[in-house]
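Just so it is clear: chains get the letters A, B, ... in the order the sequence lines come, proteins before strands, and each one is counted from 1.
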Amino acid sequence: MSTLNVSNITDGTTTVGTSYVVNGSAKAWAAHVLDAATSVDTFNVSSISDTGSGDNRINLSNSMGYANYSVVSQCSAIGNNTNPRNISLYDAVAASYRVYGTTPSGGSSSIGSHTSVFGDLA
Amino acid sequence: MTHGHLWDRLAEAKSRLAPVQSKYRVLFEDPAAPDEPAKVLVPDPNWMAAALAGNVLPPIETYQRDRLVPDGQPKEHPYAEPISPMSEEEAIEYLVMKDIDPSIWRDYQGNRCIMKIVPVELIPSDRSFRNAWKINQEMEMAA
């Protein structure tokens, strides 16, 4: 296996730091449970606020440049549970975003939240 | 600039440092939304590891100044020189100032206690009435 050891990649016009490629293109991600905001693993997250049943705010260490970034989200079951569930994004600002997990009966903390943030960093 | 971008330092720190689970939580209420339940701020373990190790996070003042900078304008905190290691208690205070609105930790003039830093053991494990949680005005949190 060969290794390229370079600081930047360029196409002749635009140059980008290799770290942006090596570390992945998502600027932040978080995998956590909505019950007590306990994180499974994260990147570029400073804290998670448990703001209510199924309701969490994810605070970013390095803010995004503006609030109109993209968050890709996925929910998962806690345990061997096949009940329908959903996760919604709302109240996004440059420094944080909020997720709300629901089942047909309403807000639920028994949901795993998996979110990835794409966009421009501050 | 020799210290690089904050995002790069966070990536490097995550690859090098083991996560640290904090023994503290921050309970807070929003005085502008008195009907909302108490909130619980949980420090991120990767962030806490970076705070304790030092030379990763920017000064808290840069975040505070950046609160006033409109979206799309250059921010200070990603490019600021990193600070030295913090104790866990200092890191919690840093997080309060970074991730909780100043209207709660700085500007509130009322006589109700709307923020407490507590050991994680004081957070109720029974979430049956999670949306009714309020900060107990004596010692512990009560649902």
Verify the distance criterion only: is there a donor paired with an acceptor across the side chains of [X] and [Y] at less than 3.5 Å?
{"X": "B:Asp99", "Y": "A:Ser47", "result": "yes"}
{"X": "A:Thr42", "Y": "B:Asp44", "result": "yes"}
{"X": "B:Asn46", "Y": "A:Asp41", "result": "yes"}
{"X": "A:Ser63", "Y": "B:Lys75", "result": "no"}

Quiz item: So does B:Asn111 have more than 12 non-hydrogen atoms from other groups sitting under 6.0 Å from CG?
Solution: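 Result for CG/B:Asn111: open.
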Quiz prompt | Portion of B:Phe28 that has a non-hydrogen atom of chain A nearer than 4.5 angstrom | solution =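 Looking at B:Phe28, just its side chain touches chain A.
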Do the side chains of [X] and [Y] join up, straight or via other hydrophobic residues, at under 4.5 Å, putting them in one cluster?
{"X": "B:Tyr24", "Y": "A:Val45", "value": "yes"}
{"X": "A:Ile48", "Y": "B:Met115", "value": "yes"}
{"X": "B:Leu52", "Y": "B:Leu17", "value": "no"}
{"X": "B:Trp133", "Y": "B:Leu122", "value": "yes"}
{"X": "B:Trp105", "Y": "B:Tyr63", "value": "yes"}

Compare every heavy atom of [Y] with every heavy atom of [X], then report the nearest pair and how far apart it is.
{"X": "B:Asp71", "Y": "A:Ala94", "result": "OD1-CB, 3.7 Å"}
{"X": "A:Thr51", "Y": "B:Pro37", "result": "O-CG, 3.7 Å"}
{"X": "A:Trp29", "Y": "B:Lys14", "result": "CZ2-CE, 3.8 Å"}
{"X": "B:Lys98", "Y": "A:Ser46", "result": "NZ-OG, 2.9 Å"}
{"X": "B:Leu10", "Y": "A:Ser61", "result": "CD1-CB, 3.6 Å"}
{"X": "A:Ala122", "Y": "B:His77", "result": "CB-CE1, 4.4 Å"}

Quiz item: Any side-chain heavy atom of B:His5 within less than 4.5 Å of one from A:Asn62?
Solution: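 The answer is yes; the side chains approach within 4.5 Å.
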Quiz item: So, do A:Tyr66 and B:Pro70 sit near enough that their side-chain heavy atoms are less than 4.5 Å apart?
Solution: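 Sidechains of B:Pro70 and A:Tyr66: no contact.
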Quiz item: B:Trp47 and A:Phe43: ring pair (Phe, Tyr, Trp, His ring centres under 6.0 Å), yes or no, with the steps?
Solution: CA-CA 9 Å; B:Trp47 182 91; A:Phe43 174 63; over 10 Å; no
Practice problem: Identify which part of A:Leu60 has an atom lying under 4.5 Å from any heavy atom of chain B, answering side chain, backbone, both or neither. | Solution: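 Contact with chain B is through the backbone of A:Leu60 alone.
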Quiz prompt | Ion pair B:Arg127/A:Asp50, N-O distance below 4.0 Å | solution =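 Salt bridge between B:Arg127 and A:Asp50, a charged N being under 4.0 Å from a carboxylate O: yes.
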Self-check item: Separation between CG of A:Asn59 and CG of B:Leu41, rounded to the nearest 0.5 Å
Solution: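 Here the interatomic distance stands at 6.5 Å.
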